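Worksheet: one structure, shown below.
Count residues from 1 along the sequence. On a predicted model such as this, the values are computed, not experimentally measured, just so you know.
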Amino acid sequence: MEKNAKKLLEELNQKYKKLHKKYEELYWLFYMGDHSVKEKMNKASVARDAFRANKKYASAVEKFLESARGKEKEKLSAWKLFFSKYQAPENLIELKKRTDELENKILQRRAKRKEGYKDPWSGKFVKASAARMSMIMITDGDEAVRKACFRAKEELAEEYVSEYVRLVKMRNEYARELGYEDFYDYKARTTDGMSKEEIFSIFNEIYEKTKYAFKDIGKMEKRIPGLRKPWNFSYMMSGDFRKEEDPYFQFDEMLMRWGRSFSALGVDFNGGSLKLDLLERKGKHGNAFCNWPDPVSFKSGKKIPGSSNFTCNAIPGQVGSGINAGRTLFHEGGHAAHLLNAEQSEICLNTEYPPASAAWDETQSTLFENIFHGIEWKTRYARNREGEKYPFRLFERKTKRLHKLIPLNLAAIISVSEFEKRVYEEKNANEAKVMKIAKEVHKKHFDRSEPSLSILSVPHLYVSEHSCYYHGYGLAELAVCQWRDYFHKKYGYIVDNPRIGKEVRKFWQMGSSRTFKEFVKLATGKHLSANAYLREATMTLRERISSAEKKLKKMETVPEYKKRVKLNASIKMVHGKKIICDNKNGFEEMSRKYKRWLKEF
């Protein structure tokens, strides 16, 4: 019996690895703009889903568990948990297939759609991606142009409402057949082991304790007329700072700064392979993401390193492109490092899919993204062309201007989560109801002079695996606040601290062998709560400036990282199917080649 159980485990690992890899490779090609692989990707998705829902495998695992002991019992238990997340009646396979096909049609249409705005002065249509229009609304000094971009984006948000309503109904039908209240309930319980009530009790606490900021914004509008207009708000509050900060975040320097910073933090990619595609192009998916075609696996007890791809849509030369690229490198780089370090013997515990927790996955990426945004990193790594470091006085001025907005930092995440929850709970959802909910939720969490449909432009809504997922970003922010508190108390600093990489790797190696709340308790020593986040979000201005000064004082005792970049990874920089350069001759040489290529791009 032991031999049969061993053979079953070998078969499960080998088969799932093969199915996972085929789908993820096609997924990457499709999302990078090669839509010719759509049918192959759909077939690969169906084959993978059939394996996950395979009742014979689930029954065999249950049978061998009855007499299993020790390590064998642990391995079989992992597969029992895995199969429990995906069991579904055969009649739902066809429904899932139709849902996937509709999602892919939407994605194809989004990739090919005409994007841009009508110039308010010439009346001519100006081609511009949604990402570019968003940046124009932050940085362009002409209110008429900003308003034109806002109106254009509102029209884009309405394009797929009818298809979205169909998706909601199909997804709800799928979830209810499985015994869940609705699709949101299904996703929350299967991906994070939490109920909707538990998640939104935390979010409601945050909303109630931070909504006082709306009154402060109302008072500001008396001094800044037109502030609450949706096409004015970001520009009037931070547009000048985007331009002022931009010289310190040159796009062509971000790759090297990321590599040096991760190396100084002791981040190790565990011998894995990375592929980075950072620039915007027509047909490419409009949102940054990371995937893992090859999860870490084992054969005859020997580890086989994994592979990871990540992407964003930076626009070289546009104000803010460097910051966006830096954010992606740290956020998606954190994702990649996390699962490339997963070292569970059973491959089902080394992927981003359940039983993996979306919130715990996002905790890793958010931890590193917050390092990038922190004043310690900026004053150490961000420099202009003349070599001058990011000035603390710029941080002070920006903090004084934006301080009253900080309590609302989670508004965007909570609003998307609340919107999806309400839509999936809505009886007889239709286009009018969905747009009404989108505007009501936007009004509640942003309080602009007129509500927006912007929530309907969030790409996650249109992909089942990413929908009802946004709460994971919010829960991750709470966990990261707790984790940062823990690190500061233990070590005194985070940036350029190699002990950080060493410590987080202990948890990365555990894959998805724990729930989100269990991981948070293990990592921080405390149960998950909003306490650390609320302390930080509701600081007084004086407390915020003082906290930054103390952190920088500590950084004065930390030597700058001068060694060669060592990430223990094979890295390729690509643009679509074109390989630009790699790190065979060192990370530094790769960065130089990529920088030269950008000048010719």
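Among Lys21, Lys17, Lys275, the one residue that satisfies the salt bridge (charged side-chain N to carboxylate O under 4.0 Å, His left out) test with Asp294 is Lys21.
Below 30°, between 30° and 60°, or above 60°: for Phe262 and Trp258 the angle between ring planes is between 30° and 60°, a tilted geometry. Ring planes of Tyr390 and Phe249: perpendicular class, angle over 60° (limits at 30 and 60°). Aromatic ring orientation, Trp292 versus His335: perpendicular (interplanar angle above 60°, classes split at 30° and 60°). Relative ring orientation between Tyr160 and Tyr462 is described as perpendicular, the plane-to-plane angle rising above 60° on a 0-90° scale split at 30° and 60°. Using the six-membered ring where Trp is involved, Tyr424 and Tyr164 have ring planes that are perpendicular, over 60° apart on the 30 and 60° scheme. Ring geometry for Trp597 against Tyr594 counts as parallel: the plane angle stays under 30°, on a 0 to 90° scale with 60° as the upper cut.
Each salt bridge (Lys or Arg N to Asp or Glu O under 4.0 Å) pair with one or both residues in residues 244-254, not counting sequence neighbours, appears once here: Glu244-Arg397, Glu245-Lys378, Glu245-Lys398, Asp252-Arg385, Glu253-Arg385, Glu253-Lys595. For the ring-ring contact (aromatic ring centres under 6.0 Å, His included) condition, the pairs that include at least one residue of residues 103-154, sequence neighbours left out, are Phe150-Trp231.
Judged by distance alone, the side chains of Asn42 and Asp100 never bring a donor and an acceptor atom under 3.5 Å apart. Side chains of Glu24 and Asn309: no donor on one and acceptor on the other come within 3.5 Å. For the residue pair Glu418 and Ser415, no side-chain donor N or O sits within less than 3.5 Å of a side-chain acceptor on the partner. Residues Arg281 and Asn313 bring no donor and acceptor atom of their side chains to less than 3.5 Å of each other. For the 3.5 Å distance criterion, the side chains of Tyr184 and His471 qualify, holding a donor opposite an acceptor. Checking Arg257 against Gln250 by side-chain atom types alone, a donor-acceptor pair falls below 3.5 Å. With no hydrogens or angles considered, no side-chain donor-acceptor pair links Arg171 and Thr99 at under 3.5 Å. Inspection of the Glu154 and Ser452 side chains reveals an N or O donor paired with an N or O acceptor under 3.5 Å. Using a 3.5 Å distance cut-off with no hydrogens or angles, the side chains of His338 and Gln364 do not pair a donor with an acceptor.
Considering CD1 of Ile323 and NE2 of His373, their distance stands at 8.0 Å, rounded to 0.5 Å. Asp142 CG to Asp119 CG: the interatomic distance, rounded to the nearest 0.5 Å, is 8.5 Å. Distance CD/Glu440 to CD1/Ile455: 11.0 Å, rounded to 0.5 Å.
For Phe251, there are no ring-ring contact (aromatic ring centres under 6.0 Å, His included) partners two or more places apart in sequence or in a different chain. Under the side chain to side chain donor-acceptor pair (under 3.5 Å) criterion, Lys22 pairs with no residue at all, not counting sequence neighbours. Judged as a ring-ring contact (aromatic ring centres under 6.0 Å, His included), and not counting sequence neighbours, the contacts of Phe51 are Tyr16, Tyr57, Phe83. For Ser134, the side chain to side chain donor-acceptor pair (under 3.5 Å) partners at least two apart in sequence or on another chain are Lys153.
By the 6.0 Å contact criterion, NZ on Lys243 is enclosed, its count of non-hydrogen atoms from other residues, nucleotides or ligands being greater than 12.
Aromatic rings from Phe289 and Tyr31 are positioned such that their centres are separated by under 6.0 Å. Checked against the 6.0 Å centroid threshold, Phe368 and Phe372 do not count as a close aromatic pair. Between Tyr27 and Phe30, a ring centre-to-centre spacing not shorter than 6.0 Å is recorded.
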